[in-house]
Amino acid sequence: MSAFRVGLLGHGTVGGAFEQLLGERASAVAQLTGRTPELVGVLTRSRGDFDEILERSELIVELIGGVDPAHDYVRRALEAGRHVVTANKQLLSRHGEELWSLARERGVLLGFEAAVAGVIPVVRVLRESLAGAHVERIHGIVNGTTNFILTEMTRSGCDYADALAQAQRLGFAEADPSDDVGGADAAAKMAILARLAFGVPVHIDDVRCEGITAITSDDIAYAREFGLSLKLIGTAERLAEGISVRVHPAFLYGGHPLASVGGAFNAVTVESESITEITMSGPGAGGSQTASAVLGDVVAAIGGAQTLAAALDPLPVVEDEVSAYYLHMEVDDRPGVLAQVAQLLGDAGASIKSVVQQGVGGRAQLTMVTHPLERSRLAVALLAIEALENVRAAPRAISVINEEFV
Ligand SMILES: NC(=O)c1ccc[n+]([C@@H]2O[C@H](COP(=O)([O-])OP(=O)(O)OC[C@H]3O[C@@H](n4cnc5c(N)ncnc54)[C@H](OP(=O)(O)O)[C@@H]3O)[C@@H](O)[C@H]2O)c1
């Protein structure tokens, strides 16, 4: 199987995670595409030479960030006919038009899934799945730092400065958080999303932008009192006179798909008459998550992703699985029925998390939730329970996906 030669620019949080992921997934990618991706050079401030790496590579992964020197490297790679994959929203929101048209001219791929909303495949969805849809509006929580801060202010009632300090302690905010809290990071991502959705050039300077630094705990308390959520929302929408792209804090009513997106998560809602509305959510950042989006673009560039290859390590399809269960039983309201049922469940290895018994005349309804157990063991217990004299009908069992919510 021939090698697919990849040059890597930048070896920080994402670059390091990408090298590791590439090592782990190279065989699987080869299985899928027919070519084995192989790192042929790494450039940082202290190692590697760009021209040498370019010469040896078929695809350049740019994970340096910022505009200079990333702009020069990406442009030169495209001019040389190399595919490029980048996670750099600052670069694309300023020089995207030049780079996309260069990629078109040279017939190469410029992949940027990782530049917007981390691992959420929103770029691919807009570019491919919704390519024929007439997108009316996009709303996004596209900055994890600010969403973490606002979530923390809501959860604990603390003020902005304390929530920011907490975000910095936990690694959700950088030492200099101004790009995040001032809205510039979200503005860059919204510029790229708007470009994708509406097909017109949008520069980051076209995006009206207001951050969260002026938000007070009073604003949060107001939101809570009226059942609203306060979020930093990016909007790109089609209006009668053109398009509007903006980032600002906004109150969302409780039922809005973005209202419950908490912590450092991101989410994007796309509205179009033909699809009504779809929402995608997931981790907005993180080295391994972002690296996974980068690898997806690399696989697309190799070009074999359309096939359905068999896995390298085929897994059997298992017939049994473990789950918690809600059980409902119609029983005679006699002493000892619950004990009999509990005994049979216990014999099958099921322990009961909660139980409610309600009597109606001589009958009773026994409702309970079990801790997780194998479905086959539950089936044995249910047959035995059904055979009990005081049980009036076959018990009903429904899986509980997350018992914490019960
Ligand atoms: N971190 C995330 O969770 C995340 C999420 C989504 C997107 N992104 C994007 O991914 C990209 C990389 O982010 P990151 O967090 O991995 O950054 P990072 O940890 O700061 O790493 C940057 C890397 O680029 C290298 N570099 C910086 N200036 C350079 C120069 N002039 N010449 C050559 N190499 C240079 C650095 O070299 P040294 O090793 O020598 O310092 C370092 O290896 C950025 O565009 C960022 O916006 C990051």
Side-chain angles (χ1 to χ4, degrees), residues 141 147 150-158 220-231 251-265 267 269 276-283 315-406:
I141 293 176
N147 204 46
L150 294 174
T151 305
E152 199 52 27
M153 288 174 77
T154 306
R155 191 190 61 78
S156 71
C158 69
I220 300 279
Y222 173 86
R224 196 179 301 137
E225 190 174 335
F226 289 94
L228 304 168
S229 294
L230 186 53
K231 301 285 186 191
F251 288 110
L252 300 177
Y253 65 92
H256 191 283
L258 300 184
S260 60
V261 176
F265 263 51
T269 297
T276 312
E277 173 190 292
I278 58 170
T279 303
M280 295 161 271
S281 71
L315 299 167
V317 177
V318 293
E319 289 185 2
D320 209 359
E321 76 282 337
V322 169
S323 172
Y325 286 92
Y326 155 95
L327 304 179
H328 180 98
M329 287 159 247
E330 301 285 336
V331 300
D332 293 327
D333 198 1
R334 300 234 173 91
V337 181
L338 175 58
Q340 285 177 318
V341 168
Q343 177 69 47
L344 290 172
L345 285 169
D347 291 348
S351 57
I352 298 167
K353 183 176 164 132
S354 61
V355 58
V356 177
Q357 184 168 359
Q358 284 174 323
V360 191
R363 296 181 178 192
Q365 292 183 336
L366 205 52
T367 308
M368 55 184 68
V369 175
T370 69
H371 285 294
L373 79 156
E374 290 82 5
R375 188 169 45 83
S376 56
R377 293 165 73 104
L378 179 78
V380 171
L382 292 184
L383 280 177
I385 291 169
E386 189 181 348
L388 287 175
E389 195 189 331
N390 293 319
V391 172
R392 307 177 70 93
R396 284 194 293 124
I398 299 175
S399 257
V400 178
I401 297 289
N402 187 344
E403 59 171 331
E404 296 306 319
F405 293 129
V406 179

CD1 of I385 to CG of L344, rounded to nearest 0.5 Å, is 5.5 Å
Sorted by first residue and then second, give each side chain to side chain donor-acceptor pair (under 3.5 Å) pair with at least one member in residues 252-264; sequence neighbours left out.
none
Any idea which heavy atoms bring G254 and A259 closest together, and the distance?
O-CB, 3.6 Å
Side chain to side chain contact (heavy atoms under 4.5 Å, CB included) assessment of Y326 paired with T370
CA-CA 7 Å; Y326 155 95; T370 69; over 6 Å; no
Could you go through L327 and L345, starting from their C-alpha distance and side-chain angles, then the distance that decides it, and tell me whether this counts as side chain to side chain contact (heavy atoms under 4.5 Å, CB included)?
CA-CA 11 Å; L327 304 179; L345 285 169; 3.9 Å; yes
Would you please name every residue forming a side-chain hydrogen bond (donor to acceptor under 3.5 Å, both in side chains) with S156, sequence neighbours left out?
none
Return the minimal non-hydrogen interatomic distance between L373 and A350, and the atom names on each side.
CD1-CB, 3.5 Å
Going by salt bridge (charged side-chain N to carboxylate O under 4.0 Å, His left out), name the residues that satisfy it together with R155, two or more places apart in sequence or in a different chain.
E152
Which pairs pass salt bridge (charged side-chain N to carboxylate O under 4.0 Å, His left out) with one or both residues in residues 374-386, sequence neighbours excluded?
E321-R375, E374-R377
Nearest heavy atoms of C158 and M153, plus distance in Å
O-CG, 3.6 Å
Which pairs would a plain distance check flag for residues 362-369, meaning a side-chain donor or acceptor within less than 3.5 Å of a matching protein atom at least two apart in sequence or in another chain?
from, atom 1, to, atom 2, distance (Å)
Q365, NE2, E330, OE2, 3.3

Sequence-distant partners of Y222, ring-ring contact (aromatic ring centres under 6.0 Å, His included), two or more places apart
F226, F251
Using side-chain heavy atoms (C-beta onward) and a distance below 4.5 Å, is F265 in contact with T151?
no
N/O donor to acceptor pairs below 3.5 angstrom from side-chain atoms of residues 331-343, sequence neighbours left out:
from, atom 1, to, atom 2, distance (Å)
D332, OD1, R392, NH1, 2.4
R334, NH1, N390, OD1, 2.9
Q343, NE2, D347, OD1, 3.0

List for me each residue that meets side-chain hydrogen bond (donor to acceptor under 3.5 Å, both in side chains) alongside S399, sequence neighbours excluded, and say none if there are none.
S323
Across all chains, not counting sequence neighbours, the side-chain hydrogen bond (donor to acceptor under 3.5 Å, both in side chains) partners of S229 are none
Sequence neighbours excluded, the answer for side chain to side chain contact (heavy atoms under 4.5 Å, CB included) partners of T269 is H139, P257, L258, E271, E277, T279
Main-chain N/O of T154 paired with R224 side-chain donor or acceptor, under 3.5 Å
yes
CG/L382 to OH/Y325 distance, rounded to the nearest 0.5 angstrom?
9.0 Å
Answer whether the closest heavy-atom distance between the side chains of N147 and K231 falls below 4.5 Å.
yes
